[in-house]
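Quick note on labels: first sequence line is chain A, next is B, and so on, each numbered from 1.
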Amino acid sequence: MSQRVLREYRRLVAAGGAANESNLHPTDPADLTHWEATLEGPQGTPYEGHSFPLRVTVPDKYPTLPPSVCFPKRTMPHPNVKWDTGEVCLDTLAGGWTPVMDLQYAVMAVRRLLAEPNPESPLNLELAALSRLGDHKAYDGIIKYRLAHSSIK
Amino acid sequence: MECSMTGTHALPFADAASIVQSRQKDEQIEDILIKKFTNVLQALKGQLFTNMHPTGIARATKFIYLLITTLRGVSTLGEEYVDILYVNRSGRGLPKRYSRLLFILSTFLGPYALAKLTKRLRKGDDEGNMNLTSVFDGMIDFLLQFHLMTFYVKGSYYNVFKRIFGLRYAIGHKVDSAEGKMREQNAHTYKILGYVVLIQSVSKGIPIIKELLKTRHKSEPQINENGVLTEKPQTTISKISLRDPEVMPFISGPSRDCTLCLLPMTNPSCAPCGHTYCWDCLFKWCNERPECPLCRQTCAPQQILMLRQ
(Lines give C-alpha, C1' and ligand atoms only; values in the text may rest on other atoms or scores of the structure.)
Protein backbone atom coordinates (compact mmCIF):
# COMPACT_ATOMS: atom_id res chain seq x y z
CA MET A 1 0.00 0.00 0.00
CA SER A 2 1.31 3.38 -0.96
CA GLN A 3 2.29 5.79 1.81
CA ARG A 4 0.75 8.51 -0.32
CA VAL A 5 -2.82 7.68 0.75
CA LEU A 6 -1.87 7.96 4.40
CA ARG A 7 -0.43 11.43 3.78
CA GLU A 8 -3.55 12.46 1.86
CA TYR A 9 -5.67 11.30 4.79
CA ARG A 10 -3.58 13.31 7.27
CA ARG A 11 -3.84 16.42 5.08
CA LEU A 12 -7.59 15.98 4.77
CA VAL A 13 -7.97 15.66 8.54
CA ALA A 14 -5.67 18.64 9.16
CA ALA A 15 -7.55 20.84 6.67
CA GLY A 16 -10.82 20.25 8.55
CA GLY A 17 -14.39 19.69 7.38
CA ALA A 18 -14.88 22.98 5.54
CA ALA A 19 -12.24 22.11 2.96
CA ASN A 20 -13.88 18.74 2.41
CA GLU A 21 -17.27 19.59 0.88
CA SER A 22 -17.95 16.05 -0.29
CA ASN A 23 -17.14 14.57 3.10
CA LEU A 24 -14.53 12.27 1.61
CA HIS A 25 -13.47 9.79 4.28
CA PRO A 26 -12.12 6.25 4.55
CA THR A 27 -14.80 3.63 5.22
CA ASP A 28 -12.53 2.25 7.91
CA PRO A 29 -9.64 4.52 9.03
CA ALA A 30 -7.55 1.39 9.65
CA ASP A 31 -7.83 0.41 6.00
CA LEU A 32 -7.26 3.26 3.58
CA THR A 33 -8.11 1.31 0.43
CA HIS A 34 -11.85 1.97 0.59
CA TRP A 35 -13.23 5.51 0.81
CA GLU A 36 -16.67 7.09 0.68
CA ALA A 37 -17.88 10.51 -0.35
CA THR A 38 -21.27 12.21 -0.65
CA LEU A 39 -22.01 14.30 -3.70
CA GLU A 40 -24.71 16.97 -3.49
CA GLY A 41 -26.72 17.35 -6.71
CA PRO A 42 -25.50 20.58 -8.40
CA GLN A 43 -27.95 23.48 -8.55
CA GLY A 44 -29.80 23.97 -11.82
CA THR A 45 -29.55 20.28 -12.74
CA PRO A 46 -32.16 17.53 -12.34
CA TYR A 47 -29.95 16.18 -9.53
CA GLU A 48 -30.60 19.26 -7.34
CA GLY A 49 -31.92 18.38 -3.90
CA HIS A 50 -30.56 14.83 -4.00
CA SER A 51 -27.33 13.56 -2.52
CA PHE A 52 -25.39 10.61 -3.87
CA PRO A 53 -22.97 8.31 -2.09
CA LEU A 54 -19.81 7.56 -4.06
CA ARG A 55 -17.40 4.70 -3.37
CA VAL A 56 -13.71 5.22 -4.05
CA THR A 57 -11.28 2.30 -4.22
CA VAL A 58 -7.52 2.89 -4.06
CA PRO A 59 -5.42 0.38 -6.05
CA ASP A 60 -2.11 -0.99 -4.80
CA LYS A 61 -0.20 0.96 -7.43
CA TYR A 62 -1.80 4.28 -6.46
CA PRO A 63 -0.88 7.04 -7.34
CA THR A 64 0.69 5.56 -10.47
CA LEU A 65 -2.73 4.09 -11.22
CA PRO A 66 -5.87 6.17 -10.66
CA PRO A 67 -8.44 5.37 -7.95
CA SER A 68 -11.62 3.74 -9.23
CA VAL A 69 -14.97 5.30 -8.37
CA CYS A 70 -18.42 3.78 -8.41
CA PHE A 71 -21.98 4.78 -7.46
CA PRO A 72 -24.19 2.17 -5.80
CA LYS A 73 -25.95 0.23 -8.57
CA ARG A 74 -29.21 1.64 -9.95
CA THR A 75 -28.92 4.98 -8.11
CA MET A 76 -27.34 7.34 -10.67
CA PRO A 77 -29.18 8.13 -13.92
CA HIS A 78 -26.44 9.85 -15.92
CA PRO A 79 -25.12 9.55 -19.52
CA ASN A 80 -21.65 8.57 -18.27
CA VAL A 81 -22.74 6.17 -15.53
CA LYS A 82 -23.84 2.62 -16.19
CA TRP A 83 -27.26 2.34 -14.54
CA ASP A 84 -27.08 -1.33 -13.64
CA THR A 85 -23.62 -1.23 -12.10
CA GLY A 86 -22.91 2.37 -11.12
CA GLU A 87 -19.64 2.33 -13.11
CA VAL A 88 -18.38 5.83 -14.03
CA CYS A 89 -16.71 6.72 -17.33
CA LEU A 90 -14.43 9.68 -16.77
CA ASP A 91 -11.24 10.45 -18.69
CA THR A 92 -9.59 11.92 -15.58
CA LEU A 93 -9.81 8.52 -13.92
CA ALA A 94 -8.49 6.66 -16.96
CA GLY A 95 -6.02 7.88 -19.60
CA GLY A 96 -6.09 11.45 -18.29
CA TRP A 97 -4.86 10.52 -14.82
CA THR A 98 -1.53 11.80 -13.58
CA PRO A 99 -0.14 11.16 -10.09
CA VAL A 100 -0.28 14.85 -9.12
CA MET A 101 -4.05 14.38 -8.81
CA ASP A 102 -5.37 13.02 -5.51
CA LEU A 103 -8.52 11.36 -4.17
CA GLN A 104 -10.21 14.68 -3.48
CA TYR A 105 -9.50 15.81 -7.03
CA ALA A 106 -11.02 12.58 -8.33
CA VAL A 107 -14.20 13.13 -6.31
CA MET A 108 -14.45 16.74 -7.48
CA ALA A 109 -14.07 15.57 -11.07
CA VAL A 110 -17.06 13.23 -10.61
CA ARG A 111 -19.10 16.07 -9.10
CA ARG A 112 -18.28 18.25 -12.11
CA LEU A 113 -19.42 15.39 -14.32
CA LEU A 114 -22.90 15.61 -12.74
CA ALA A 115 -23.17 19.22 -13.90
CA GLU A 116 -21.47 18.67 -17.26
CA PRO A 117 -22.23 15.24 -18.71
CA ASN A 118 -20.25 14.14 -21.73
CA PRO A 119 -22.63 12.35 -24.14
CA GLU A 120 -19.70 11.50 -26.47
CA SER A 121 -18.54 8.59 -24.28
CA PRO A 122 -21.80 7.23 -22.87
CA LEU A 123 -22.43 4.33 -20.55
CA ASN A 124 -26.15 5.10 -20.44
CA LEU A 125 -27.17 5.11 -24.11
CA GLU A 126 -30.76 6.18 -23.51
CA LEU A 127 -29.84 9.38 -21.68
CA ALA A 128 -26.92 10.13 -23.99
CA ALA A 129 -29.16 9.84 -27.06
CA LEU A 130 -31.74 12.22 -25.57
CA SER A 131 -29.00 14.66 -24.60
CA ARG A 132 -27.53 14.62 -28.11
CA LEU A 133 -30.99 15.12 -29.65
CA GLY A 134 -31.45 18.14 -27.40
CA ASP A 135 -34.70 16.80 -25.90
CA HIS A 136 -34.02 18.33 -22.50
CA LYS A 137 -37.59 17.85 -21.33
CA ALA A 138 -37.44 14.08 -21.79
CA TYR A 139 -33.84 13.92 -20.51
CA ASP A 140 -34.66 15.79 -17.28
CA GLY A 141 -37.90 13.88 -16.94
CA ILE A 142 -36.26 10.45 -17.04
CA ILE A 143 -33.62 11.49 -14.51
CA LYS A 144 -36.20 12.91 -12.12
CA TYR A 145 -38.38 9.83 -12.50
CA ARG A 146 -35.46 7.49 -11.77
CA LEU A 147 -34.37 9.57 -8.78
CA ALA A 148 -37.89 9.69 -7.36
CA HIS A 149 -38.12 5.91 -7.49
CA SER A 150 -34.57 5.31 -6.28
CA SER A 151 -34.05 4.07 -2.74
CA ILE A 152 -31.66 6.96 -2.05
CA LYS A 153 -33.31 10.33 -1.46
CA MET B 1 68.94 -14.45 -24.10
CA GLU B 2 68.99 -17.63 -22.09
CA CYS B 3 70.90 -19.66 -24.64
CA SER B 4 73.94 -19.31 -22.44
CA MET B 5 72.19 -21.31 -19.73
CA THR B 6 71.83 -24.36 -21.90
CA GLY B 7 74.47 -27.02 -21.71
CA THR B 8 76.05 -29.03 -24.50
CA HIS B 9 73.35 -31.68 -24.63
CA ALA B 10 70.45 -29.31 -24.29
CA LEU B 11 68.53 -27.49 -27.00
CA PRO B 12 68.36 -23.69 -26.75
CA PHE B 13 65.09 -22.35 -25.29
CA ALA B 14 62.71 -20.89 -27.85
CA ASP B 15 62.28 -17.13 -27.98
CA ALA B 16 59.04 -15.19 -27.57
CA ALA B 17 58.72 -14.48 -31.29
CA SER B 18 58.63 -18.12 -32.39
CA ILE B 19 56.31 -19.13 -29.54
CA VAL B 20 53.85 -16.40 -30.53
CA GLN B 21 54.15 -17.40 -34.18
CA SER B 22 53.45 -21.07 -33.41
CA ARG B 23 50.46 -20.07 -31.32
CA GLN B 24 49.06 -17.96 -34.16
CA LYS B 25 49.48 -20.83 -36.59
CA ASP B 26 47.74 -23.17 -34.15
CA GLU B 27 44.86 -20.76 -33.76
CA GLN B 28 44.40 -20.79 -37.53
CA ILE B 29 44.37 -24.56 -37.54
CA GLU B 30 41.95 -24.64 -34.59
CA ASP B 31 39.58 -22.30 -36.42
CA ILE B 32 39.51 -24.64 -39.41
CA LEU B 33 38.96 -27.64 -37.14
CA ILE B 34 36.16 -25.88 -35.23
CA LYS B 35 34.39 -25.13 -38.51
CA LYS B 36 34.67 -28.73 -39.68
CA PHE B 37 33.60 -30.08 -36.30
CA THR B 38 30.61 -27.71 -36.26
CA ASN B 39 29.60 -28.90 -39.73
CA VAL B 40 29.68 -32.51 -38.60
CA LEU B 41 27.62 -31.74 -35.50
CA GLN B 42 25.19 -29.72 -37.58
CA ALA B 43 24.57 -32.73 -39.80
CA LEU B 44 24.20 -35.01 -36.78
CA LYS B 45 22.34 -32.90 -34.22
CA GLY B 46 20.96 -29.99 -36.23
CA GLN B 47 21.51 -26.27 -36.59
CA LEU B 48 19.87 -25.45 -33.26
CA PHE B 49 22.42 -27.47 -31.29
CA THR B 50 25.44 -25.84 -32.95
CA ASN B 51 23.93 -22.38 -32.52
CA MET B 52 23.27 -23.01 -28.85
CA HIS B 53 26.72 -24.32 -27.90
CA PRO B 54 29.34 -22.46 -29.94
CA THR B 55 31.80 -22.04 -27.05
CA GLY B 56 31.40 -25.64 -25.92
CA ILE B 57 32.10 -26.91 -29.43
CA ALA B 58 35.17 -24.67 -29.72
CA ARG B 59 36.53 -25.88 -26.38
CA ALA B 60 35.91 -29.52 -27.24
CA THR B 61 37.69 -29.11 -30.58
CA LYS B 62 40.74 -27.52 -28.95
CA PHE B 63 40.71 -30.27 -26.32
CA ILE B 64 40.73 -33.01 -28.95
CA TYR B 65 43.42 -31.20 -30.95
CA LEU B 66 45.68 -31.09 -27.89
CA LEU B 67 44.93 -34.72 -27.00
CA ILE B 68 46.06 -36.03 -30.38
CA THR B 69 49.16 -33.83 -30.53
CA THR B 70 50.62 -32.74 -27.19
CA LEU B 71 49.47 -35.73 -25.15
CA ARG B 72 50.85 -38.19 -27.71
CA GLY B 73 54.13 -36.28 -27.68
CA VAL B 74 53.70 -35.09 -31.26
CA SER B 75 54.13 -31.45 -32.27
CA THR B 76 51.10 -29.38 -33.13
CA LEU B 77 51.12 -27.93 -36.63
CA GLY B 78 52.08 -24.52 -35.23
CA GLU B 79 55.02 -25.95 -33.28
CA GLU B 80 56.17 -27.83 -36.36
CA TYR B 81 55.84 -24.65 -38.43
CA VAL B 82 58.47 -22.79 -36.39
CA ASP B 83 60.25 -25.98 -35.31
CA ILE B 84 59.94 -25.83 -31.55
CA LEU B 85 59.25 -28.65 -29.11
CA TYR B 86 58.41 -29.11 -25.45
CA VAL B 87 61.14 -29.52 -22.87
CA ASN B 88 60.93 -29.53 -19.06
CA ARG B 89 61.81 -26.59 -16.83
CA SER B 90 65.54 -27.26 -16.85
CA GLY B 91 65.54 -27.71 -20.59
CA ARG B 92 67.43 -31.01 -20.26
CA GLY B 93 64.60 -33.44 -20.82
CA LEU B 94 61.13 -33.89 -22.21
CA PRO B 95 58.16 -33.01 -19.98
CA LYS B 96 56.45 -35.94 -18.26
CA ARG B 97 53.30 -37.37 -19.81
CA TYR B 98 51.18 -36.59 -16.71
CA SER B 99 52.19 -32.92 -16.69
CA ARG B 100 51.15 -32.68 -20.34
CA LEU B 101 47.84 -34.32 -19.48
CA LEU B 102 47.31 -31.95 -16.55
CA PHE B 103 48.09 -29.00 -18.81
CA ILE B 104 45.51 -30.15 -21.37
CA LEU B 105 42.84 -30.80 -18.71
CA SER B 106 43.39 -27.44 -17.05
CA THR B 107 43.20 -25.49 -20.32
CA PHE B 108 39.93 -27.29 -20.97
CA LEU B 109 38.42 -26.97 -17.49
CA GLY B 110 40.04 -23.71 -16.34
CA PRO B 111 37.57 -21.34 -18.04
CA TYR B 112 34.62 -23.35 -16.66
CA ALA B 113 35.98 -23.16 -13.13
CA LEU B 114 36.64 -19.45 -13.44
CA ALA B 115 33.14 -18.77 -14.72
CA LYS B 116 31.65 -20.76 -11.85
CA LEU B 117 33.75 -18.97 -9.27
CA THR B 118 32.78 -15.57 -10.64
CA LYS B 119 29.12 -16.58 -10.52
CA ARG B 120 29.41 -17.60 -6.89
CA LEU B 121 31.18 -14.36 -6.00
CA ARG B 122 28.50 -12.38 -7.77
CA LYS B 123 25.89 -14.14 -5.64
CA GLY B 124 27.84 -13.02 -2.57
CA ASP B 125 27.76 -9.49 -3.98
CA ASP B 126 23.99 -9.50 -4.00
CA GLU B 127 23.98 -10.33 -0.32
CA GLY B 128 25.84 -7.13 0.45
CA ASN B 129 29.50 -7.92 -0.30
CA MET B 130 29.96 -5.01 -2.67
CA ASN B 131 32.89 -4.88 -5.07
CA LEU B 132 34.15 -8.40 -4.39
CA THR B 133 33.62 -9.51 -7.99
CA SER B 134 35.24 -6.42 -9.43
CA VAL B 135 38.23 -6.81 -7.11
CA PHE B 136 38.51 -10.50 -8.03
CA ASP B 137 38.23 -9.77 -11.75
CA GLY B 138 40.82 -7.05 -11.34
CA MET B 139 43.21 -9.42 -9.56
CA ILE B 140 42.87 -12.09 -12.25
CA ASP B 141 43.38 -9.45 -14.90
CA PHE B 142 46.42 -8.15 -13.10
CA LEU B 143 47.96 -11.61 -12.70
CA LEU B 144 47.40 -12.43 -16.38
CA GLN B 145 48.99 -9.16 -17.41
CA PHE B 146 51.93 -9.81 -15.11
CA HIS B 147 52.30 -13.25 -16.67
CA LEU B 148 52.22 -11.79 -20.19
CA MET B 149 54.78 -9.19 -19.20
CA THR B 150 57.12 -11.89 -17.87
CA PHE B 151 56.70 -13.79 -21.13
CA TYR B 152 57.58 -10.80 -23.25
CA VAL B 153 60.64 -9.94 -21.17
CA LYS B 154 61.97 -13.46 -20.55
CA GLY B 155 60.44 -15.38 -23.44
CA SER B 156 59.57 -18.30 -21.19
CA TYR B 157 55.92 -19.39 -20.89
CA TYR B 158 53.15 -17.97 -23.11
CA ASN B 159 50.36 -19.96 -21.49
CA VAL B 160 49.70 -19.72 -17.72
CA PHE B 161 49.06 -23.45 -17.43
CA LYS B 162 52.30 -24.25 -19.28
CA ARG B 163 54.06 -22.21 -16.61
CA ILE B 164 52.31 -24.10 -13.83
CA PHE B 165 53.03 -27.55 -15.27
CA GLY B 166 56.50 -26.72 -16.59
CA LEU B 167 56.07 -27.10 -20.35
CA ARG B 168 58.77 -24.98 -21.97
CA TYR B 169 59.60 -24.68 -25.62
CA ALA B 170 63.02 -25.30 -27.10
CA ILE B 171 64.21 -24.81 -30.65
CA GLY B 172 64.31 -28.12 -32.43
CA HIS B 173 67.46 -27.59 -34.45
CA LYS B 174 70.97 -26.24 -34.15
CA VAL B 175 71.05 -22.44 -34.22
CA ASP B 176 73.90 -20.89 -36.17
CA SER B 177 75.31 -17.47 -35.33
CA ALA B 178 73.28 -15.52 -37.93
CA GLU B 179 70.00 -17.05 -36.76
CA GLY B 180 71.01 -16.49 -33.14
CA LYS B 181 71.63 -12.82 -33.82
CA MET B 182 68.25 -12.42 -35.52
CA ARG B 183 66.51 -14.17 -32.64
CA GLU B 184 68.25 -11.94 -30.13
CA GLN B 185 67.06 -8.85 -31.96
CA ASN B 186 63.51 -10.17 -31.96
CA ALA B 187 63.77 -10.88 -28.25
CA HIS B 188 64.84 -7.29 -27.69
CA THR B 189 61.68 -5.96 -29.40
CA TYR B 190 59.55 -8.25 -27.24
CA LYS B 191 61.29 -6.97 -24.11
CA ILE B 192 60.22 -3.42 -24.94
CA LEU B 193 56.68 -4.69 -25.41
CA GLY B 194 56.98 -6.38 -22.02
CA TYR B 195 57.89 -3.13 -20.27
CA VAL B 196 54.98 -1.36 -21.94
CA VAL B 197 52.65 -4.06 -20.57
CA LEU B 198 54.27 -3.65 -17.16
CA ILE B 199 53.57 0.09 -17.12
CA GLN B 200 50.02 -0.54 -18.27
CA SER B 201 49.28 -3.18 -15.64
CA VAL B 202 50.82 -1.13 -12.83
CA SER B 203 48.74 1.91 -13.77
CA LYS B 204 45.69 -0.33 -13.92
CA GLY B 205 46.55 -2.14 -10.69
CA ILE B 206 46.98 0.90 -8.45
CA PRO B 207 43.27 1.89 -8.36
CA ILE B 208 42.26 -1.74 -7.77
CA ILE B 209 44.61 -2.06 -4.81
CA LYS B 210 43.37 1.27 -3.48
CA GLU B 211 39.78 0.06 -3.76
CA LEU B 212 40.68 -3.17 -1.98
CA LEU B 213 42.20 -1.23 0.91
CA LYS B 214 39.20 1.08 0.99
CA THR B 215 36.62 -1.73 1.15
CA ARG B 216 38.56 -3.37 3.96
CA HIS B 217 38.77 -0.08 5.81
CA LYS B 218 35.07 0.55 5.29
CA SER B 219 33.81 -2.87 6.30
CA GLU B 220 35.70 -2.97 9.61
CA PRO B 221 33.77 -0.46 11.72
CA GLN B 222 30.42 -1.67 10.40
CA ILE B 223 30.56 -5.06 12.08
CA ASN B 224 30.14 -5.25 15.85
CA GLU B 225 31.45 -8.02 18.12
CA ASN B 226 28.47 -10.25 17.37
CA GLY B 227 29.32 -10.12 13.70
CA VAL B 228 26.14 -8.23 12.93
CA LEU B 229 26.12 -5.40 10.43
CA THR B 230 25.44 -2.22 12.34
CA GLU B 231 25.36 0.16 9.41
CA LYS B 232 24.01 -0.09 5.92
CA PRO B 233 26.79 -0.25 3.35
CA GLN B 234 27.36 3.24 1.99
CA THR B 235 26.16 3.85 -1.51
CA THR B 236 28.45 5.82 -3.77
CA ILE B 237 25.97 8.65 -4.26
CA SER B 238 24.65 10.17 -1.05
CA LYS B 239 20.98 11.11 -0.87
CA ILE B 240 19.97 14.72 -1.10
CA SER B 241 16.98 15.37 1.16
CA LEU B 242 15.13 18.66 1.17
CA ARG B 243 13.95 17.85 4.70
CA ASP B 244 17.08 19.70 5.80
CA PRO B 245 16.46 23.44 5.21
CA GLU B 246 20.21 23.95 4.64
CA VAL B 247 20.06 21.80 1.50
CA MET B 248 19.34 23.75 -1.70
CA PRO B 249 18.00 26.84 0.11
CA PHE B 250 17.06 28.41 -3.24
CA ILE B 251 14.03 26.11 -3.40
CA SER B 252 11.45 27.88 -1.28
CA GLY B 253 8.69 26.81 1.11
CA PRO B 254 5.97 24.60 -0.38
CA SER B 255 8.06 23.95 -3.51
CA ARG B 256 10.29 21.74 -1.39
CA ASP B 257 7.57 19.08 -1.23
CA CYS B 258 7.26 16.56 -4.04
CA THR B 259 3.77 16.78 -5.55
CA LEU B 260 3.77 13.02 -6.09
CA CYS B 261 4.65 11.63 -2.64
CA LEU B 262 3.72 14.85 -0.76
CA LEU B 263 6.96 14.68 1.24
CA PRO B 264 10.04 16.92 1.18
CA MET B 265 11.89 15.86 -1.96
CA THR B 266 14.55 13.17 -1.90
CA ASN B 267 17.07 13.52 -4.73
CA PRO B 268 15.15 16.34 -6.43
CA SER B 269 15.08 15.71 -10.17
CA CYS B 270 13.54 17.71 -12.95
CA ALA B 271 11.74 16.87 -16.16
CA PRO B 272 12.70 18.73 -19.38
CA CYS B 273 9.89 21.24 -18.63
CA GLY B 274 11.50 22.16 -15.31
CA HIS B 275 8.94 20.61 -12.96
CA THR B 276 10.73 18.99 -10.05
CA TYR B 277 9.92 15.80 -8.14
CA CYS B 278 11.76 13.10 -6.19
CA TRP B 279 13.91 10.98 -8.48
CA ASP B 280 12.09 7.78 -7.49
CA CYS B 281 8.58 9.27 -7.88
CA LEU B 282 9.23 10.80 -11.30
CA PHE B 283 11.16 7.80 -12.62
CA LYS B 284 8.39 5.40 -11.59
CA TRP B 285 5.76 7.49 -13.34
CA CYS B 286 7.80 8.08 -16.51
CA ASN B 287 8.19 4.35 -16.89
CA GLU B 288 4.38 4.15 -16.81
CA ARG B 289 3.85 7.09 -19.14
CA PRO B 290 6.71 9.29 -20.42
CA GLU B 291 5.28 12.72 -19.63
CA CYS B 292 5.51 15.31 -16.88
CA PRO B 293 2.74 14.66 -14.30
CA LEU B 294 1.98 18.38 -14.08
CA CYS B 295 2.14 19.75 -17.63
CA ARG B 296 2.20 16.50 -19.64
CA GLN B 297 5.20 17.60 -21.68
CA THR B 298 7.14 14.58 -22.95
CA CYS B 299 9.62 13.27 -20.42
CA ALA B 300 11.35 10.01 -21.25
CA PRO B 301 13.04 8.36 -18.23
CA GLN B 302 16.48 9.08 -19.71
CA GLN B 303 15.67 12.80 -19.87
CA ILE B 304 15.25 13.15 -16.11
CA LEU B 305 17.99 15.27 -14.57
CA MET B 306 18.94 14.94 -10.92
CA LEU B 307 19.78 18.28 -9.29
CA ARG B 308 23.20 18.38 -7.63
CA GLN B 309 24.53 20.95 -5.22
Side-chain angles (χ1 to χ4, degrees), chain A residues 1-20 22 24-26 29 31-35 37 56-69 89-110 112 118 121, chain B residues 232 235 238-245 247-248 250-307:
Chain A
M1 188 72 223
S2 164
Q3 287 292 302
R4 205 338 249 262
V5 195
L6 184 63
R7 263 165 249 133
E8 279 188 40
Y9 179 52
R10 287 200 185 128
R11 284 191 176 193
L12 215 55
V13 171
N20 190 357
S22 309
L24 176 65
H25 62 277
D31 165 30
L32 297 179
T33 54
H34 296 284
W35 293 60
V56 181
T57 310
V58 182
D60 276 349
K61 280 179 81 183
Y62 181 83
T64 306
L65 291 182
S68 52
V69 300
C89 174
L90 182 57
D91 180 55
T92 310
L93 299 181
W97 173 261
T98 92
V100 292
M101 300 169 181
D102 58 10
L103 297 180
Q104 209 175 2
Y105 186 95
V107 171
M108 267 154 42
V110 178
R112 255 196 322 275
N118 173 18
S121 59
Chain B
K232 275 188 183 169
T235 45
S238 59
K239 266 189 191 168
I240 295 178
S241 173
L242 294 196
R243 212 176 277 278
D244 180 358
V247 176
M248 296 188 180
F250 50 87
I251 302 176
S252 62
S255 307
R256 298 176 72 81
D257 286 353
C258 168
T259 43
L260 299 185
C261 65
L262 311 176
L263 286 174
M265 285 188 236
T266 311
N267 294 328
S269 305
C270 72
C273 52
H275 287 123
T276 316
Y277 312 88
C278 296
W279 170 270
D280 284 347
C281 297
L282 183 56
F283 192 79
K284 217 192 259 172
W285 169 250
C286 286
N287 275 326
E288 193 74 23
R289 201 176 314 153
E291 58 179 36
C292 170
L294 273 170
C295 64
R296 294 184 189 274
Q297 190 180 312
T298 315
C299 174
Q302 66 270 24
Q303 290 176 299
I304 303 171
L305 282 181
M306 196 189 283
L307 306 185

Nearest-0.5 Å distance, [atom1] of residue [X] to [atom2] of residue [Y]:
X        : Y        : atom1 : atom2 : value
A/Met101 : B/Thr259 : CE    : OG1   : 11.5 Å
B/Cys261 : A/Gln3   : SG    : CD    : 10.5 Å
B/Arg289 : A/Trp97  : CZ    : CH2   : 11.0 Å
A/Thr98  : B/Glu291 : OG1   : CD    : 7.5 Å
A/Leu6   : B/Leu262 : CG    : CG    : 10.5 Å

Item to check | For A/Pro63 against B/Leu260, the heavy-atom pair lying closest together | outcome: CG-O, 4.3 Å

